[in-house]
Protein chains: 2
Amino acid sequence: MAANKEPRLGDVAARAGVSVATVSRVLNNRGYLSEATRARVMAAIDEVGYQPNEVARSLLSHRTGTVGLIVPSVAIPFFGEVAVHIEDALAQHGLRPLLCNSYGRADRERDLLRSLVGHRVDGIISGAHNDQLAEYATLRRPVVTIDRELAPHIPNVRADNEEGGRLATQLLLDHGARRPVLLTSRSHERNLRERGYRGVLAEAAIEPLVVAVDFNLPEPERTTAIMAALDSVSATMDAVFCTDDLLAATALEWAHRHRRDVPGDVRVVGFDGTATMRRILPGLTTIAQPIADMCSTAVRLLVEQIGQEPGAEPTPVPAIALPVTVVEGRTA
Amino acid sequence: MAANKEPRLGDVAARAGVSVATVSRVLNNRGYLSEATRARVMAAIDEVGYQPNEVARSLLSHRTGTVGLIVPSVAIPFFGEVAVHIEDALAQHGLRPLLCNSYGRADRERDLLRSLVGHRVDGIISGAHNDQLAEYATLRRPVVTIDRELAPHIPNVRADNEEGGRLATQLLLDHGARRPVLLTSRSHERNLRERGYRGVLAEAAIEPLVVAVDFNLPEPERTTAIMAALDSVSATMDAVFCTDDLLAATALEWAHRHRRDVPGDVRVVGFDGTATMRRILPGLTTIAQPIADMCSTAVRLLVEQIGQEPGAEPTPVPAIALPVTVVEGRTA
DNA sequence: CTGAAAGCGCTAACAT
DNA sequence: ATGTTAGCGCTTTCAG
């Protein structure tokens, strides 16, 4: 195994017979250089296989080129896809994500934040699900959230969840459902997908029926809970709008176990529409979030904040909601 | 937005009325300290909300506390799960992963490696799929691969793929299949899952039937290609062993479209058995890789290499193959 | 027990 | 056009 000693600027300088400053200049393409020395330095650089030490550069520039990416778990298809697109968008700005899985635990997220600040990340993109962590307020670092309202002054990018809820519910009604139930992870005022669902049902004068199963329950409790929740409304409903595709998958399994035909006996619509999910369950009818757009937007907002670094005016950026699309499958 | 100026050691020192050296000592718990000053410094530390600058520490210690994690894409369930477990295992050693998606492109992987070395990551864990990138040989940095033979001296952790191939194939035969086809992403001598498949068929005196569809084809070409591949063997086969669960999902869709009952007309077995996949397609019969074990083993090997840093004896670590398990679903 | 000072690898004045 | 030097924020001898 090669000795772990990377060549330094001085090694290149010595080799090229110039000073470190000169090497630094050709590296950063700054100031006046004679073609001759530039060439000589270039040669020396790849003779010794020199690669600038970004750590040293960071110390001076106060920029590490890294961004903390916090998600509940990249094993969840939605966040896996988010991670890919974020990484891609960051790369276009010469940034790399430090991956953090919070598992939905507030304590872990707190530790992660400390660690990221310690590493002096240039910014943080948070898609975690713990609402309102006070720590974010005192971070002294640019933050952008994905599908999560953290605080009024923190930019938030998300899909148009309420419209998505409306589209899903309307689609079920259009296909003949009379009693669509909402299966979600947390039912509350600010659940916009739920609000869309309730809105459409109100117009249609249909009584809403909501069942909730906590997103962060461990398996197999979660699956059991979902099954039980569906059992509890089984007699009265003829369709399910699931606020994410994973719930929808379990709803399909529930129907299968109960010999209920989909969409004949019960219609199912999901939410998220990740590429992976559509590959695994191509038949699933769902509402697709514009993940790639959301991610490039989030990165753009973050980079803008990083750009005006010091402590400039907050440039008010309200929540940005991007349009969703209906993916017609054969489950609704 | 708060000014992006983190407090420095000097700020704490001034506040506590001591020198920076003393603050450094309490931070690192080194040398002799009077309880009085220690307490005073501690107080000062959290009065100013001090958080050590890891960048500066890294410059001195030659350790960044970061590890490059290269995978084709965390949006792929297997690699998403790998990423989660790697992050978890790294965290136990105070390390964080810098996430890199190679999309299976060798040129991108080359760039990623350069960038990671530039960032002076403490090590690299590679689960990417481009075989034999020469760059790895000259990395001067600890490397461990997951499910990938890079070079004889680079430790590799993987599932017992050949045994998995055998188990899958045997299971199909046991369930009555007479002509199981292998659907894989690349057919060749060193495809161990394929070797297991061929081995069992040889014993049973059944002619193997292999169709391959490149893993890195973009959608929707890939799905089309898989469908076509299955069409091409449709008449002669009665079962499919897919070398990953994504292929299996598409095989199920193929059967659905052709009104072929599963497992009545055609039996399907997959490979990987990630938690996510099992949640989405709980009925799928598959061979589960011990992902958590593989990841903690990979991290352990990496940390050992990092520990003996300089350029010590390579401590020969042959490929480690961990046992797989059969997940009985209802597709075989 | 604590402080002063050197230096990690690099960039940016300031000289020459 | 190129070299010298002073830090970036921290740890670590070496003094005291």
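Because only heavy atoms are used, hydrogens play no part in the values below, and waters and symmetry mates are left out as well, while side chains stay in. Lettering of chains follows the sequences in order, A, B, ..., and the numbering in each one begins at 1.
Each of B:V67, B:T66, B:L302 was scored for a side chain to side chain contact (heavy atoms under 4.5 Å, CB included) with B:L95, with one residue passing: B:V67.
Within 4.0 Å (heavy atoms only), B:S61 reaches no atom of the nucleic acid at all. Residue contacts for A:S58: at a heavy-atom cut-off of 4.0 Å it reaches no nucleic acid atom on any strand shown. Residue-level contact check: B:V55 touches neither bases nor backbone, having no heavy atom under 4.0 Å from any strand.
The side chain to side chain contact (heavy atoms under 4.5 Å, CB included) test applied to B:R108 returns A:E87, A:D88, A:A91, B:Y103, B:R105, B:L112, not counting sequence neighbours. With sequence neighbours excluded, the residues that form a side chain to side chain contact (heavy atoms under 4.5 Å, CB included) with A:A151 are A:H153, A:I154.
Within the model, atoms CG of B:L301 and CD1 of B:I146 stand 10.0 Å from one another, a figure rounded to the nearest 0.5 Å.
With a 4.5 Å cut-off on side-chain heavy atoms, B:E81 and B:T276 count as touching. Contact of the B:E109 side chain with the B:L133 side chain is registered, since non-hydrogen atoms from C-beta on lie closer than 4.5 Å.
Side-chain N/O atoms of A:S126 and A:Y136 include a donor and acceptor closer than 3.5 Å. Donor-acceptor pairing under 3.5 Å is recorded for the side chains of B:T145 and B:N156.
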- Task: Can you check each nucleotide of nucleotides 9-16 of chain D against protein heavy atoms at under 4.0 Å and return B for base, S for sugar-phosphate only, - for none, in 5' to 3' order?
- Result: BBBBBB--
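The span of DNA chain C lying next to chain B, judged by atoms under 4.0 Å from heavy atoms, is bounded 5' to 3' by C:dC1 to C:dG9.
Note on A:E54 versus B:R120: no salt bridge recorded, every NZ/NE/NH1/NH2 to OD/OE distance being 4.0 Å or above.
Direction of the helix axis in the helix from C:dC1-D:dG16 to C:dT16-D:dA1 shifts by 50° between the two five-pair termini, rounded to 10°.
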Taking only distance into account, with no hydrogens and no angle test, what donor-acceptor pairs under 3.5 Å do side-chain atoms of residues 8-17 of chain B form with protein atoms, sequence neighbours excluded?
unit_1, atom_1, unit_2, atom_2, d
B:D11, OD2, B:R8, N, 2.7
B:R15, NE, B:E47, OE1, 2.6
B:R15, NH2, B:E47, OE1, 2.8

